[in-house]
Amino acid sequence: MATHQVVEADVLVKDREGIHLRNAAALVRAAAQFPKADLMISKDGHQVNGKSIMGVLTLVAEHGAQLHLKARGEEADKLIATLVAMFENGTDQ
Amino acid sequence: MHGQRLLLELLAGKAGTWRRIFSAEPHRPSLPLTGFVDLYTFDRAQVLGNTELLYLRQMDPKSRYEALYIIFQFELPCVIITNAYEVFPELIQLAEEREIPLLRTSLSTARFVHHYVAALDFDFAPQTTVHGTLVDVYGVGLLLTGRSGIGKSEIALDLVERGHRLVADDVVHLRRQRRVLMAEANRLLGFNIEVRGIGILDVERLFGIRAIRARKRVELQVLLTPWDGAEDYERTGLDDERSAILGVEIPLVRLPIFPGKNVTVICETIAMNHLLKVRGYNAAEVLSNRLTSELSKASETAPRPSNLSDLDAT
């Protein structure tokens, strides 16, 4: 059952400069720690693969933007928890 | 060893050819000839050029012998006369007595010193040997490393097939020359490579002279690692990792590989991208700047959520 779980969350981009290239890399690298889960990120109806850095860039997620995270598969809950924590603290560490 | 290149002939003191030179710098013993021997660097090759020889020439044989004896009393590795200058009998006599090799070159002092330093710098350069493969890819010296059996030789073969040039496989001899790293093959191995399942292959015989290169500057290291889905790979190319070999820093690319991945084309691309970067163009930076300007445009036009004031406080 756990392998097909879908976990979702809404997050806010707190980084002053939005998700620029470096933050996007940090994000996809964090997501890559969970190889058996898929991740989609959407903003204003534009949905991308959260493990693709080029996809994440096209969100142009500025400071204050609202993003929707949706993970599916093994450890989807951990993946979402990790990312939510990242967004809480700002993805630029 | 460098006799031919430096146009040297041995005139006397053959019994002293066992003597060793410990510095790539030669010395011109003008002041010692006049009697001042403080701080005399006698352990270097002693070069007698126009100035010294002209000084000695205007002396009578006895004073000349005495002047020369001042330097010949030291354990000189050798004495070299430049410009194919005439040889005084006193020089021959002292060289034989003291068993210090006396050599002569037809090169001018300046040219001789230039070539001498270059030749000895090469001999004295710090050296090391690494387990890896060196291929000249579009003129970029690419050092492939990674654990045994990961496929370095196979990639080299593939690169050679595509027109690139093999420098060394498996055993790469490196030496630091000034601030660059030079690579060459092991003399015994030459351009032979071992491919698992086939055995030893002679790349020069198989692919011809265009497929090999005797020496090449190492400009880039590509570390091949087995693909591990969760590992932290470089994703942007904004931050160059660097590797230090013999104190020379070169960019290091960690390349995760798996069966079916076309590493050859990636290696070519790494080489080409390196050339672009050297010429000042970094694709990651350009894209990053474009994104940054899009982000600032977006934050100006986007309606700010009501709770954003909390964010600003953090």
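Below, read A as the first sequence line, B as the second, and so on, with proteins coming before strands; counting in each chain starts at 1. All of these numbers come straight from a predicted model, not from anything done at the bench.
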Contact class of Ser296(B) relative to chain A, heavy atoms under 4.5 angstrom: neither
Under 3.5 Å donor-acceptor, Lys70(A) side chain and Val7(A) backbone: no
Pair Thr292(B)-Glu17(A), side-chain donor/acceptor within less than 3.5 Å: no
Nearest non-hydrogen partners of Arg235(B) and Ala25(A), listed with the distance: CB-CB, 4.3 Å
Donor on one side chain, acceptor on other, Glu8(A) and His68(A), under 3.5 Å: yes
For Thr129(B), side chain to side chain contact (heavy atoms under 4.5 Å, CB included) partners two or more places apart: Val171(B), His173(B)
Steps toward side chain to side chain donor-acceptor pair (under 3.5 Å) verdict (Gln177(B), Asp121(B)): CA-CA 7 Å; Gln177(B) 285 183 271; Asp121(B) 258 349; over 6 Å; no
Contact listing (chain A partner; residues 130-139 of chain B; heavy atom under 4.5 Å): none
Part of Ala30(A) lying under 4.5 Å from any heavy atom of chain B: neither
Residues Arg22(A), Asp239(B): salt bridge by 4.0 Å N-O rule: yes
